[in-house]
Protein chains: 2
Amino acid sequence: MSSRPEVTRPEVSLAQRKRQLVSNELTEAALQLLARKGFDGVTIDEIVATAGVSKRTFFRYFASKEDVVVQFLAEMGADMCTELAARPAGESPSVALRQAVSVPIAACADHFDRALSVVQLILRTPALHARFLERQAQWRDDLAAEVARRQGFDGDGDLYPQLAAAMALSAFDTVLQRWSGSAGAADPAELIDQAFAVIAPALDAVGRRA
Amino acid sequence: MSSRPEVTRPEVSLAQRKRQLVSNELTEAALQLLARKGFDGVTIDEIVATAGVSKRTFFRYFASKEDVVVQFLAEMGADMCTELAARPAGESPSVALRQAVSVPIAACADHFDRALSVVQLILRTPALHARFLERQAQWRDDLAAEVARRQGFDGDGDLYPQLAAAMALSAFDTVLQRWSGSAGAADPAELIDQAFAVIAPALDAVGRRA
DNA sequence: GACGTCCATGACACCAAGTGTCAAGACGCC
DNA sequence: GGCGTCTTGACACTTGGTGTCATGGACGTC
């Protein structure tokens, strides 16, 4: 945030738009090929040939073959944290977390077909599932920090924040699993409600503290 | 080696004992090297050179470089399921699951130093953490099936079994994390109790069913 | 004791993921 | 037009992982 006598184009620079374009092209080519031929049935060379760039460029945009899929859902974690931070302070943990988790779920329902095929691909491919879970572990830490802040925990003393975040993400996972298993037929919002009905007694039992 | 009055077991064939020997040698070499130089700092060639076998043989015993570490904790999942199945039918879900989760934790405390270094290695290495979580997802399904059986759920209708298993494993993860983070100083049994005190209200709220 | 079978192994070639390096081109600024 | 910066492609290279085949040892059978 410098008060620099600004830029002719306050919009994004041409270079950045080009970067975005290449990234989109790569993601598009990858998701289409992977959804059609499976994760192990597609090589990086195939993807980059389709997208019209070199292999080296692929790895300048994505850290790994898994990354191009998982990163497609990357902002989910950030969205959840943002939403949780935005919930009113007085709201109970179960309600606040349910709203937070609902954000990415709603986004899935939004881009229905695309999201469904990606989620199915991830859940069906061990290597992708593993990376997805690992990324979730980072979301969990972020969520836990926010829960601790909201509920006034000082930090590492109590297990509640970590567990509350973990339970919310378990609900998220279970919903995703059911949703993709039903080929999108199940209502995500309803599944979320059912899942949180199960875990809410633990989330809201946080009464006394030191 | 076998200084003990040897029982030549016709049960276990020589071939099987040889297999076990090679497997142990490989695991030993791998864990020592990995703990010392980190996951990315050790190549398969180094490991097999230390163990005195060929690279091809390594992959006849382990599916991947990650596997040699994660498989070291593999029976944990089976142990948990076995213990859960052995708990008395009348026991509440929270108690039964706590006992089940306590089994591998106690095993960790048993082989203290070895288990600690392995757990720390896993939690500190993204690739290993990912594989570990993915393996846990399989444990979760097994545990969920057993929970469903115990509580009389018919199967895929209700989310409770999946979520109960997920919560128990979240407790497991959180305990492992705290334990390894404290370099083994924290008491695992105490951590387990704390964790289950948080999630028990949800586990035991399973009242009515179809 | 010789023979045939099974199985684990090692050697080797091979594919695919990922990285380091470098030269060439595109862009922005003066 | 000239110059620094950023992006890219080409290429070589390391490493994880697999297919294939020949060897050799253990074991059972004659």
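Every chain is numbered from 1, with letters handed out A, B, ... down the list of sequences.
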field: Nearest-0.5 Å distance that lies between atom OG1 in T174(A) and atom CG in L159(B)
entry: 6.5 Å
task: Drop me the distance from I192(B)'s CD1 to R178(B)'s CZ, to the nearest 0.5 angstrom.
output: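 Nearest 0.5 Å value for the CD1-CZ distance: 13.0 Å.
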message: Please identify which of these residues, D141(B), L97(B), L84(B), meets the side chain to side chain contact (heavy atoms under 4.5 Å, CB included) condition with E146(B).
response: L84(B)
message: Can you tell me how the ring of F112(A) sits relative to the ring of W179(A), calling it parallel under 30°, perpendicular over 60° and tilted otherwise?
response: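 Plane angle over 60°, so perpendicular.
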- prompt: Does a side chain donor of either D173(A) or Q136(A) reach within less than 3.5 Å of an acceptor in the other side chain?
  reply: yes
query: Looking at DNA chain D, which of residues 25-43 of chain B put a heavy atom within less than 4.0 Å of it?
result: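 Contacts with DNA chain D under 4.0 Å: V42(B), T43(B).
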Value in whole Å for how far the [atom2] atom of [N] lies from [atom1] of [X]:
X      : N       : atom1 : atom2 : result
E46(A) : dA16(C) : CD    : C1'   : 12 Å
F59(A) : dG20(C) : CZ    : P     : 12 Å
I44(A) : dC15(C) : CD1   : P     : 17 Å

query: For the side chain of K65(B) and the backbone of F39(B), is there at least one donor-acceptor N/O pair under 3.5 Å apart?
result: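 Pair found, side chain donor or acceptor close to backbone of F39(B).
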- prompt: Would you say Y160(A)'s side chain and L203(A)'s backbone share a donor-acceptor pair under 3.5 angstrom?
  reply: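 Yes, because the side chain of Y160(A) sits within donor-acceptor range (under 3.5 Å) of the backbone of L203(A).
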Taking salt bridge (charged side-chain N to carboxylate O under 4.0 Å, His left out) as the definition, give me every residue that meets it alongside [X], ordered by chain and number, with sequence neighbours left out.
X       : result
R60(A)  : none
E91(B)  : R87(B)
R114(A) : E28(A)

Detail all sub-3.5 Å separations between protein N/O atoms and N/O atoms belonging to nucleotides 8-12 of chain C.
from, atom 1, to, atom 2, distance (Å)
dT9(C), OP1, Y61(B), OH, 2.9
dT9(C), OP2, Y61(B), OH, 3.1
dG10(C), OP2, S54(B), N, 2.9
dG10(C), OP2, S54(B), OG, 3.0
dG10(C), OP2, T57(B), OG1, 2.5
dG10(C), N7, R60(B), NH1, 3.3
dG10(C), O6, R60(B), NH2, 2.6

message: Taking any atom closer than 4.0 angstrom to a non-hydrogen atom of chain A, what span of DNA chain D does the protein reach, first nucleotide to last?
response: dT7(D) to dA10(D)
